**Student:** 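Here it is: the structure, laid out below.
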Amino acid sequence: MDKTDLTSLPLPRLTEFLVSLGVPKYRGTQVFAWLYRPHITDFTEMTDLPRQLQQTLAERASFAWPEIAGVERSRDGTVKYGFKLRDGSYIEAVLIPEDERNTLCVSSQVGCAMGCEFCLTGSMGFKRNLTAGEIVGQVVRVRDRLCEEEAIAGRNLNNLVFMGMGEPLANFANLVDAIDILVEQRGLDFSERRITVSTCGLVPKIQELGLKTKVNLAVSLHAADDTTRERLMPINRKYPLADLLSACRNFPMPKRKRIMFEYILIQGVNDSVADAELLAEKLRFIPCKINLLPYNESPGLPFRRPVDDVIDIFQKTLWKAGYTVLVRSSRGADISAACGQLACRLAP
Ligand code: SF4
């Protein structure tokens, strides 16, 4: 009989499973809490469970977080973790330590089917969706490492972004389960305000995400006209800008919350003043912030980073139009951990 993987079950479903084994409901909360304590590897370590239940769980259920298979550290403090999954696949997650917080950028798929032209993950093609447990497992493993490492001791993992490998909204059910697990108070207890899901523009799922969770939405825009966006991001053929921006306008969010638009600046492609003015016009009336990401050059891809003056003028044009605009410094580029550079270089 196949064992039930407990790492992919949000608390209510884990409780249902335990009840199906003939044990009282409260045991569900107990087992769930144990799973998310640091360094638990065996049911026998769940010391307040009756021995009989420990045995039944060992026979009928399993929990195994993905193993960290490689670690690479950037000069700027960014750390890239490679994970080996049970089927032998590899994924990567990136830890970005900052003064106030530690952000983990997690993957949602092995590879990606979206084929964005500027992205190394896209060039790998799509292998499979991650289970909810494999998504949460990246957080669990890095959290455990942080507990051990003196360098960043005292500052826990407190910010999560779904901007690693894969398109999270293309793995929607597992994404929502993973978020449910992450925010459960009796487990990892993340705040939904500290979780951001980024999409390249899977329009029908945007509204659903807003209805099913309260996480932040980030949209990889990268162009303000359909011709340029189609060239960079094939998804735009299916869901053109007008549809995407309309979904953003209708995204259910509390009053002071804003959508984050990500815009990779690529030399000669989308970095002109006219591009900035068009962007300002298109985003009008959407509560938002704009992140400008000067392109991280990757071997084998034809795009270049614009010079600093061009980046500066682009930012100022958007400022003048009244937007909050940040130029996000590139973190981890020397270890291929920056945006669009994850391609499992850590895999043996
Ligand atoms: Fe996929 Fe994101 Fe890369 Fe596009 S940018 S190919 S959605 S991982």
Side-chain angles (χ1 to χ4, degrees), residues 80-83 89-94 96 103-130 134-135 138 160-172 174-175 178 196-206 209 215-223 226 228-241 243-244 247-248 259-266 269-270 290-303 305 328 330-333 336-347:
K80 181 161 74 171
Y81 296 94
F83 294 88
S89 301
Y90 283 84
I91 52 163
E92 292 176 345
V94 179
I96 307 152
T103 298
L104 188 69
C105 175
V106 294
S107 292
S108 53
Q109 298 180 310
V110 183
C112 184
M114 297 297 142
C116 302
E117 288 292 326
F118 49 81
C119 174
L120 274 185
T121 310
S123 67
M124 287 171 62
F126 174 69
K127 306 236 165 74
R128 70 169 174 86
N129 283 328
L130 296 186
E134 288 167 336
I135 295 173
Q138 298 164 64
L160 295 179
V161 293
F162 284 80
M163 295 183 184
M165 300 168 71
E167 162 56 51
L169 298 191
N171 184 14
F172 194 79
N174 293 345
L175 169 75
T196 299
V197 171
S198 175
T199 179
C200 68
L202 287 194
V203 167
K205 293 291 178 195
I206 289 178
L209 180 74
V215 298
N216 305 305
L217 176 68
V219 174
S220 301
L221 205 58
H222 310 324
D226 281 315
T228 311
R229 197 161 190 273
E230 267 170 35
R231 181 182 155 203
L232 296 173
M233 307 175 77
I235 189 73
N236 198 76
R237 283 179 216 133
K238 195 162 182 194
Y239 302 115
L241 266 174
D243 295 354
L244 173 58
C248 292
I259 292 174
M260 173 74 72
F261 286 103
E262 308 276 341
Y263 192 103
I264 293 182
L265 280 167
I266 306 174
V269 174
N270 61 0
I290 303 169
N291 261 353
L292 297 178
L293 311 155
Y295 184 67
N296 295 306
E297 296 181 13
S298 294
L301 295 182
F303 301 113
R305 181 192 196 278
R328 240 181 46 196
S330 186
R331 300 285 305 261
S336 295
C339 267
Q341 290 187 324
L342 297 185
C344 285
R345 228 179 46 169
L346 290 175

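Just so we're clear, the structure is a prediction, and the values are computed from it rather than from any experiment. Remember, it's 1-based here, ligands and their atoms both numbered in the order they're listed.
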**Student:** Could you tell me whether any N, O or S atom belonging to Cys119 is less than 2.8 Å from atom 3 (Fe) of ligand 1?
**Tutor:**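 Checking Cys119: at least one N, O or S atom is under 2.8 Å.
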**Student:** I'd like to know if Glu134 pairs up with Arg128 as an ion pair, taking the criterion as any Lys NZ or Arg NE/NH1/NH2 lying under 4.0 Å from an Asp or Glu carboxylate oxygen.
**Tutor:**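 Result for this pair is yes, salt bridge flagged.
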**Student:** Applying side chain to side chain donor-acceptor pair (under 3.5 Å), can you list everything that pairs with Asn171, at least two apart in sequence or on another chain?
**Tutor:**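 Expected list: Asn174.
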**Student:** Decide, counting backbone as well as side-chain atoms, whether Cys116 has an N, O or S atom less than 2.8 Å from atom 4 (Fe) of ligand 1.
**Tutor:**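 It does: Cys116 brings an N, O or S atom closer than 2.8 Å to atom 4 (Fe) of ligand 1.
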**Student:** Check ligand 1 against Gly166 and write out every atom of the ligand that is under 4.0 Å from a heavy-atom position of the residue.
**Tutor:**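 The atoms of ligand 1 under 4.0 Å from a heavy atom of Gly166 are 8 (S).
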**Student:** Please could you name the atoms of ligand 1 that Met114 approaches to less than 4.0 Å, counting only its heavy atoms?
**Tutor:**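 Near Met114, the atoms of ligand 1 are 1 (Fe), 7 (S).
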**Student:** Does a side chain donor of either Glu167 or Ser108 reach within less than 3.5 Å of an acceptor in the other side chain?
**Tutor:**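 Result is no, nothing qualifies.
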**Student:** Applying salt bridge (Lys or Arg N to Asp or Glu O under 4.0 Å), can you list everything that pairs with Arg231, at least two apart in sequence or on another chain?
**Tutor:**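 For Arg231, no residue satisfies salt bridge (Lys or Arg N to Asp or Glu O under 4.0 Å) once neighbours in sequence are set aside.
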